[in-house]
Amino acid sequence: MSRSAHPAGPRHADVLPEGHYAAPPADLNALDPKVWARTVDRGADGVVTVGGMSVVRLAEEFGTPAYVLDESDFRARARAWRTAFGAGADVFYAGKAFLSRAVVRWLDEEGLNLDVCSGGELATALSAGMAPERIAFHGNNKSVQELERAVRAGVGRIVLDSFQEIVRVAHIARELGTRQRVQIRITVGVEAHTHEFIATAHEDQKFGIPLAGGQAAEAVRRALQLDGLELIGIHSHIGSQIFDMSGFEVAAHRVVGLLKDIRDEHGVELPEIDLGGGLGIAYTSDDDPREPHEIAKALTEIVTRECEAASLRVPRISVEPGRAIVGPTAFTLYEVGTVKPLDGLRTYVSVDGGMSDNIRTALYDAEYSVALVSRASDAEPMLARVVGKHCESGDIVVKDAFLPADLAPGDLIAVPATGAYCRSMASNYNHVLRPPVVAVRDGEARAIVRRETEEDLLRLDVG
Ligand code: LLP
């Protein structure tokens, strides 16, 4: 790796971005434990390590870019959710955040269930040996083939998302001579305080059946009439990257209200309620996420209180955290390729990945932090923008960040909190190959998803 010198970029005094990076951090070498995986540390030699492995060694062995995942942190977070909710509740990890066979095995060992939302996720779960009854199947437009496969496999629950699906699943189950356990996903009319694209409980959108206008009650009526279905509960997911518990409070209040109406109309007390996922994580030092035990306590109290007020038995609660488990456990390791200071503006730092391995910045204006990890530096802070190698000016990984002014091609930098929705939303844009996911634990590293090759790319090109 070269450490060539280059002209120093503009200093932060020249241009100040608004928001999180209005001022450089006091120490650019410090790694805020809020945003970095738990075993990440900077050694006396200045090189960052994770699970006892140096990032320089990881880059040599696995190349860059690479998602580096701290396995013990993943397991600890999964366990913390499991323990916080206890035996009276279920935790379904949302596989859409990041799924691989190793992850399925970890979840299995840590006692979590799994939420899948496509045939591909279901196939991954089953092929890694997850017991089908511990799988929940989600989605607003599951195909008939996907549904059939799920029913045949014996998944623990299918979350019904439309009137058509109620009929489809009932029909499939009857044909297969079985009764499928189902929940109905409703939209409770909550405006979650998050990005529009990841808010899911307001009425004007594609997910769920609206509580408003009696539609959810009608869906329940139909599901209860069909002998292919065993209606076990109501599901609500209000959105993603949420910090404020008040949205969950309103959702729980409305879901319990529906349970009460169901009891009054049908004489049935549904035994389960699923409050979805969506708990936020720290992407930058400004974010203050809650711990699983606080969330478990708050949600359990809300549901218990609402049920007591409605004279209902407290149903079994389930939750579906994805980001909150895997998000903080990984960082993306990049090699700096070019450093381009633009006078009076900022310095563009180009890395060997970009929007194909992290689309979140372009898609949601997501904020990330970044650090030089292959060495320490006591150079002055330089206002930087970390960009990728794609043919698009919106190809930004970190919009505003301070990096040391002596940053040079060949340096390794890392973007923390990229465990969720980065590899799982990665693309082959510009025929760039998707990076591996490298799991590190106790001084050992292994790829749990290998790097894509040109052969992989060309295999699909059959023209
Ligand atoms: N349950 C359901 C029904 C969901 O739709 C989702 C996420 C989850 C659970 C998990 O949410 P989490 O705890 O991970 O926030 N691509 C976006 C996030 C989309 C979330 C979709 N549904 C992002 O990168 O922020």
Side-chain angles (χ1 to χ4, degrees), residues 67 74 77-78 81 85 90-99 103 107 112-118 121 135-142 157-162 165 183-188 190 192-202 205-209 233-245 247-248 251 255 273-283 287 289-290 292 295-296 299 317-330 332 355 357-368 397 415 417-427:
Y67 303 103
F74 183 101
R77 286 176 198 271
W81 276 84
F85 278 87
D90 296 302
V91 181
F92 287 77
Y93 168 78
K96 64 205 83 183
F98 170 63
L99 196 65
V103 163
L107 294 167
L112 274 74
N113 297 349
L114 180 63
D115 143 10
V116 300
C117 68
S118 70
E121 288 185 0
I135 299 175
F137 193 18
H138 270 282
N140 67 303
N141 188 19
K142 312 169 194 76
R157 63 170 73 153
I158 295 180
V159 183
L160 301 173
D161 199 277
S162 66
E165 203 171 68
Q183 292 190 338
I184 293 177
R185 176 164 174 179
I186 66 166
T187 41
V188 293
V190 171
H193 296 275
T194 188
H195 192 281
E196 181 196 344
F197 293 175
I198 50 176
T200 53
H202 52 295
Q205 50 115 353
K206 69 172 187 166
F207 290 111
I209 299 177
I234 300 296
H235 183 285
S236 155
H237 169 75
I238 59 172
S240 217
Q241 186 59 3
I242 296 167
F243 291 103
D244 178 4
M245 295 301 285
F248 289 98
V255 171
I273 149 173
D274 191 314
L275 293 171
L279 284 313
I281 62 162
Y283 282 103
D287 295 326
R290 294 186 178 217
I295 294 160
L299 292 182
I317 299 174
S318 46
V319 287
E320 300 168 341
R323 186 192 320 262
I325 292 177
V326 70
T329 68
T332 316
M355 66 194 301
D357 60 69
N358 188 350
I359 190 66
R360 299 192 69 262
T361 307
L363 195 55
Y364 313 118
D365 258 333
E367 293 191 39
Y368 285 92
V397 180
V415 176
T418 57
Y421 304 108
C422 287
R423 180 59 179 80
S424 68
M425 293 174 82
S427 76

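Every number for a ligand or one of its atoms is a count from 1 in the order of the listing.
Near Gly322, meaning under 4.0 Å from one of its heavy atoms, ligand 1 places the atoms 12 (P), 13 (O), 14 (O). Distances below 4.0 Å separate heavy atoms of Glu320 from the following atoms of ligand 1: 1 (N), 2 (C), 3 (C), 8 (C), 9 (C), 10 (C), 13 (O). In the vicinity of His138, heavy-atom distances shorter than 4.0 Å reach the ligand 1 atoms 3 (C). Of all atoms in ligand 1, listed by their number and element, those nearer than 4.0 Å to a heavy atom of Met425 are 16 (N), 24 (O). Close approach of ligand 1 to Gly277 (heavy-atom distance below 4.0 Å) involves ligand atoms 1 (N), 9 (C), 13 (O). Close contacts between ligand 1 and Asp115 involve ligand atoms 1 (N), 9 (C) [criterion: under 4.0 Å to a heavy atom]. Residue Arg185 has at least one heavy-atom neighbour below 4.0 Å for each of these atoms of ligand 1: 3 (C).
Applying the side chain to side chain donor-acceptor pair (under 3.5 Å) criterion to Asp357, with sequence neighbours excluded, gives Tyr334. The ring pair (Phe, Tyr, Trp, His ring centres under 6.0 Å) test applied to Phe248 returns no partner, not counting sequence neighbours.
Nearest to atom 15 (O) of ligand 1 by heavy-atom distance, out of Ala366, Gly139, Ser240, is Ser240. With atom 8 (C) of ligand 1 as the reference point, the heavy atom nearest to it among His235, Arg360, His237 is part of His237.
For Gly278, the heavy-atom gap to ligand 1 drops under 4.0 angstrom. Look at Pro321 and you'll find a heavy atom under 4.0 Å from some atom of ligand 1.
Heavy atoms only, all atoms of each residue included: Ala324 and Leu279 are closest at CB-O, 3.9 Å. Smallest separation of non-hydrogen atoms from Met425 and Leu363: CE-CD2, 3.7 Å. Between Ser424 and Ala97 the shortest heavy-atom distance is OG-O, 3.0 Å. Across every non-hydrogen atom of Ile238 and Ala251, the tightest pair is CG2-CB, 3.8 Å.
Taking 4.5 Å as the limit, every side-chain heavy atom of Val91 sits out of range of all side-chain heavy atoms of Asn113.
For the side-chain contact (heavy atoms from CB on, under 4.5 Å) with Val319, the lone residue among Trp81, Phe92, Tyr93 that qualifies is Trp81.
Among the atoms of Ala94, none of the N or O lies under 3.5 angstrom from an N or O of ligand 1.
Contact annotation: for Phe207 versus ligand 1, there are no heavy atoms closer than 4.0 Å. With a 4.0 Å heavy-atom cut-off, ligand 1 is reached by no atom of Leu363.
Between the OG atom of Ser162 and the CZ atom of Phe207 there is a distance of 12.0 Å, given to the nearest 0.5 Å.
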